[in-house]
Amino acid sequence: MKKKLIFYFYITPDFFERKTNLINVRCLKEYAHIFDEAEFYLSLDNVEDYDLIHKIESLLIDLPFRGNISFKIHQNDSYRESRIVESEIINKIDEQDCLLFFAHGKGFTNLEQYEEESMCHWLIGCYYLSLNFIEEMESMIDSNNYTWISYGSFPLLSQDKFEDDFVPENDRYIGRIKHKWCFSGTFFWINTKRLSDHINTFNIKLPKIYDRYYSEKVLGNIMSYGGNAAGHNNMILYSNNNMYNDGVAKSALNFILQSEEERNEYNNFYNKIMNSL
């Protein structure tokens, strides 16, 4: 199946001054060759800032994508990337026929609120875990060996469903997703035909957008994790892994990347990205 990228980018006048924007673009450059088609949704507060729009379009066109690239201008609102996941992926799932990868310009405010190195590992890890093991991804969601629907970065599960506001925040967050899981950070592949078949076979009512975290929660509100979704090495994180806490992203990567060789390869990639900024 063809591989399609849908990418949401929040664009502001200080775009080139924000380290996470530069990391996102640099990671896209590393993996652009994977995709047969790329759709960028450029979200702005001022959709008539044509000079800024043209600068970002030129920047992204220069990346080594091998297929068609398109740009759609989006009026920013409080739902952020969730608006695009609902309107362009979930609501159009029956119209798609591809391995679809969703990603977004993650980390816009993270470095201002949390420990910088941890957030950079989370961001770069989101790209690395989803895009560095393409043959594994295809074997899981685009072959007859398995019937998985989705593959993504940092699969996070809860053992129990929580309704008590006094439980730890991350347990409460995951516990309020129907099937108690998400890809933490919202970077994921889906086999669109398999997801459509799952929805239609089980007569699942498509979730409507309800908050800005819809995009991260939506797959967990449609299907269970076991038998339907996977990540690299088929490793699973549990809800006590709050990725906003210092050091958790790197620890999660060390857990998912099971060999010293894999961990060294990731560290080399991380240093390559950070040294290129």
Is the closest basic N to carboxylate O distance between E86 and K92 below 4.0 Å?
no

Report task. For S150 and I190, indicate whether the former's side chain and the latter's backbone hold a donor-acceptor pair under 3.5 Å. Result -> no

Check the side chains of Y151 and E136 for a donor-acceptor pair under 3.5 angstrom, ignoring hydrogens and angles. yes

_Steps toward side chain to side chain contact (heavy atoms under 4.5 Å, CB included) verdict (L156, W181)_ = CA-CA 6 Å; L156 189 63; W181 74 275; over 6 Å; no

* Quick one: do E30 and K272 make a salt bridge, cutoff under 4.0 Å? -> yes

Check: Does a side-chain N-to-carboxylate-O contact under 4.0 Å join K19 and E116?
Finding: yes

- Under 4.5 Å between any side-chain heavy atoms of L195 and M223, yes or no? yes

Check your understanding: Without hydrogens or angle criteria, can the side chains of Y10 and N21 be said to hold a donor-acceptor pair below 3.5 Å?
Key -> no

- request: Let me see the working for D77 and R83 under side chain to side chain contact (heavy atoms under 4.5 Å, CB included), right down to the final yes or no.
  value: CA-CA 8 Å; D77 63 31; R83 180 73 72 185; 3.0 Å; yes

- prompt: Under 4.0 Å between a Lys/Arg side-chain N and an Asp/Glu carboxylate O for D36 and R66?
  reply: yes

| With no hydrogens and no angle check, is any side-chain donor or acceptor of N191 less than 3.5 Å from a backbone partner on I141? | yes

**Q.** Residue F16 excluded, over 12 heavy atoms near CZ under 6.0 Å
**A.** yes

* With distance as the sole criterion, is a donor-acceptor pair present between the side chains of S224 and N228 under 3.5 Å? -> yes

Next on the checklist: Under the criterion side chain to side chain contact (heavy atoms under 4.5 Å, CB included), I'd like the reasoning laid out for F183 against S153: C-alpha separation, chi angles, the key distance, then a yes or no.
Outcome noted: CA-CA 6 Å; F183 288 122; S153 303; 5.8 Å; no

Closest heavy-atom pair, F188 versus F101, reported as atoms and distance to 0.1 Å, is O-CD1, 3.2 Å

>> When you measure from the side chain of N267 to the backbone of R263, do you find a donor-acceptor pair of N or O atoms at a distance under 3.5 Å?
In response: yes

Looking only at heavy atoms, the pair that brings L60 and L28 closest together is CD2-CD1, 4.4 Å

Checklist entry - Counting only heavy atoms not in R80, do more than 12 fall under 6.0 Å of its CZ? => result no

For C120 and M274 the tightest heavy-atom approach is SG-CE, 3.9 Å

Short side-chain to backbone donor-acceptor contact, R18 and F108, under 3.5 Å: yes

Here the pair of heavy atoms bringing S143 nearest to R194 is O-NH2, 2.7 Å

In plain terms, say whether K250 and E117 are close enough for a salt bridge, that is, a side-chain N and a carboxylate O under 4.0 Å apart.
no

message = Any side-chain to backbone donor/acceptor pair from E115 onto N245? Under 3.5 Å, distance only.
response = no

Other residues, nucleotides and ligands only: do more than 12 of their heavy atoms fall within 6.0 Å of CD on E48? no

*asked:* If we ignore hydrogens and angles and just use 3.5 Å, is the side chain of S118 paired with the main-chain N or O of G247 as donor and acceptor?
replied: yes

Please report the C-alpha distance between V85 and I6 in whole Å, then the side-chain angles of each, then the deciding distance to 0.1 Å, and finally whether the side chain to side chain contact (heavy atoms under 4.5 Å, CB included) criterion is met. CA-CA 9 Å; V85 169; I6 290 185; over 6 Å; no

Residues M243 and S184: closest non-hydrogen pair is CG-OG, 3.3 Å

Ring pair (Phe, Tyr, Trp, His ring centres under 6.0 Å) with H104: of F187, Y41, Y127, only one passes, and it is F187

**Request:** Quick one: do E138 and K3 satisfy salt bridge (charged side-chain N to carboxylate O under 4.0 Å, His left out)? Show the steps, please.
**Result:** CA-CA 10 Å; E138 290 179 312; K3 300 179 186 69; 2.7 Å; yes

- Message: Please check this pair: side chain of E262 against backbone of Q258, looking for a donor-acceptor N/O pair closer than 3.5 Å.
- Response: yes

Could you check D211 against K217 for salt bridge (charged side-chain N to carboxylate O under 4.0 Å, His left out), going step by step and ending with a plain yes or no? CA-CA 10 Å; D211 65 22; K217 297 177 180 179; 3.4 Å; yes

Between the side chains of S158 and Y238, does any donor sit under 3.5 Å from an acceptor? no

Exercise. Given side chains that start at C-beta, do those of Y244 and W122 come closer than 4.5 Å, heavy atoms only?
Worked result: yes

Counting only heavy atoms not in N68 (residues, nucleotides, ligands), do more than 12 fall under 6.0 Å from its CG?
no

*Within the side chain of D14, is there an N or O that forms a donor-acceptor pair under 3.5 Å with the backbone of E17?*
no

Partner of H121 under ring pair (Phe, Tyr, Trp, His ring centres under 6.0 Å), picked from Y128, Y266, Y114, F269, is Y266

May I ask you to test the I134-W189 pair for a side-chain heavy-atom distance under 4.5 Å?
yes

F71, CZ: over 12 other non-hydrogen atoms inside 6.0 angstrom: yes

E57 and L42 have their tightest heavy-atom pair at CG-CD1, 3.9 Å

request  = Would you indicate whether the side-chain heavy atoms of I199 and K205 approach each other to under 4.5 Å?
outcome  = no

- Query: Is it true that K193 and D197 make a salt bridge, defined as a side-chain N closer than 4.0 Å to a carboxylate O?
  - Reply: no

**Prompt:** For S82 and R212, does a side-chain donor sit closer than 3.5 Å to a side-chain acceptor?
**Reply:** no

Side chains of P155 and Y225, heavy atoms from C-beta outward: is any pair under 4.5 Å?
yes

| Ignoring hydrogens and geometry, is there a side-chain-to-backbone donor-acceptor pair from N24 to K106 under 3.5 Å? | yes

*Counting only heavy atoms not in Q113, do more than 12 fall under 6.0 Å of its CD?*
yes

Q: Decide whether D94 and S196 meet the rule of one side-chain donor and one side-chain acceptor closer than 3.5 Å.
A: yes

